[in-house]
Amino acid sequence: MFDGLMATATQGRSTIQRALQSVRQHLGMEVAYVSRFENGLSVFREVDAPGLEALIKPGDSRPLEDVYCLHILAGRLPELIPDTGAEPICQSMPITHQVPIGSHASIPIRLPDGSPYGMFCCLSPFPNATLNPRDLQVMRVFADIAAHEIAVEVAEAEAQALRLAELRQVIEGRLFSPRYQPIHTLSPFALVGFEALCRFTPEPYRSPDKWFDAAHAAGVGVELEIAVMREALAALPQLPPHCFISVNASPPSILGGALPREFDGLPQDRLILEVTEHAPVADYAALRDALAPIRAAGVRLAIDDAGAGYSSLQHILELRPDIIKLDMGLVRGVDTDMAKRALASALCLFAKETGAQIVAEGIETASELAALENLGVCKGQGYLLGKPMEMAAAVALAG
Ligand code: C2E
Ligand code: MG
Ligand code: MG
């Protein structure tokens, strides 16, 4: 989500930058900029003024009452001023003499709802009698392009703010609840625990990974993951002692350092922490350090979605988990697809040699189950064995 946003913003800025340069050169003026009105200030967003960086640069601002903008918006000054000496308002304003401004051309930038956003502006210290309405027309074309880029950017920022507000509501209002999917040993077949999977209340339904992705993109991912995990862990005391709970956490949540506190006071030998991350981890040493006290307290470590991509294998090599969860992409059709069976078998062998256990996820057919059993997979979960269920149902099932 955010990558897209950043790309739009960067692309937008460079387009505006190019537009400013073209117009400035076309008009033969020294300074071109796009400004944004903000809290009574004119803030320069993009500036094209080679050699005059000390005078004006992006991020600088001036009070709106000191500059021409408000007069131009109100029609008291024209958009094209070939000679500020001929305009009494310009002459009465200190900025005209300070900068100085001899000629000035500007087009107001409006958002699609018509509200003024800022200015697309060119100026020169010298009067320029050759500036004419056709120059202004050219400038208007470029200003329209800039206005379009800005409208897209503003809409994205508003959408992002809305998403953040919704996420805040979800976190603060606890608009989610855990489900528990049974995990069984395959032979003998027995219920041994549950994976906690979150369901979010807001409509339309969005899968949990979409919510977590959005939350991470908005900067509240760790907060959401911890809030959800706290809710999920509440079931542990209600389950019989032979049942564990497996909770999901992304590396940022683990690195955040809150987990030891969340797990404190719980029977940690009945807890499994699943590392859910499809992207490469930048610093495995830091992740190992953050995991060390958790694992020392008895929590077992699982790598989720093994076989789903390069990262999961890297996580396995770097973190040496107690459990490797076979991704459902490998499990689906493991009974009929030789290549999948070969890869699942290789992971089983790897697990055996490194003292890890394999849990297969997403088992949907008896034939998949049988194939996994033949490969020596020790545990499994999937719709065939039980769908994610509410806590009361899980407690009842566990007996
Ligand atoms: P995951 O941890 O790999 O969870 C397994 C997903 O497979 C779950 O989807 C589960 O409902 C689904 N599933 C289980 N058995 C079957 C099956 O037989 N067939 C099919 N087609 N699907 C099956 P879900 O609940 O939509 O979760 C998706 C992902 O969202 C999870 O993948 C996990 O990465 C993330 N997630 C879910 N709940 C939480 C949570 O509480 N915390 C965090 N951090 N992540 C979560
Ligand atoms: Mg999982
Ligand atoms: Mg998984």
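Side chains are part of it too, since the values below use all heavy atoms of this structure and drop only hydrogens, waters and symmetry mates. Order of listing sets the numbers, starting from 1, for every ligand and every atom in it.
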(Q) Same cluster or not: L191 versus F244, using hydrophobic residues (I, L, V, M, F, W, Y) connected whenever any side-chain heavy atoms lie under 4.5 Å apart? (A) no
Check: Under 3.5 Å, is there a donor-acceptor pair between the Q181 and K387 side chains?
Finding: no
Looking at D305, the N/O/S atom that lies nearest to the Mg ion (ligand 3) is called OD1
- Item | Aromatic ring pairing W211/F200, orientation class (parallel under 30°, perpendicular over 60°, tilted between) | parallel
Within the heavy-atom cut-off of under 4.0 Å, ligand 1 is lined by Q181, E195, L197, C198, R199, P208, D209, F212, E225, V228, N248, E274, T276, D304, D305, M328, E361, G362, I363, E364, G382, Y383, P388
Backbone or side-chain N/O/S of N248 under 2.8 Å of the Mg ion (ligand 2): yes
Angle subtended at the Mg ion (ligand 3) by E361 OE1 and D304 OD1, to the nearest 10 degrees, is 80°
Give a yes or no on this: more than 12 heavy atoms of other residues, nucleotides or ligands lie within 6.0 Å of atom NE2 of H242. yes
Hey, can you tell me if H184 and F189 have their rings parallel, tilted or perpendicular (30° and 60° cut-offs)? parallel
Here the N/O/S atom of E274 closest to the Mg ion (ligand 2) would be OE1
Query raised in the report: Do you see an N/O/S atom of E195, backbone or side chain, under 2.8 Å from the Mg ion (ligand 2)?
Result: yes
Step by step, work out the side-chain contact (heavy atoms from CB on, under 4.5 Å) result for Y33 and I56. CA-CA 9 Å; Y33 65 81; I56 179 169; 3.7 Å; yes
The complete set of salt bridge (Lys or Arg N to Asp or Glu O under 4.0 Å) pairs with one or both residues in residues 313-328, sequence neighbours excluded, reads E195-K325, E274-K325, R288-E318, R295-D322, K325-E361
task = Using only heavy-atom distances, determine whether the side chains of S106 and E79 contain a donor-acceptor pair under 3.5 Å.
result = no
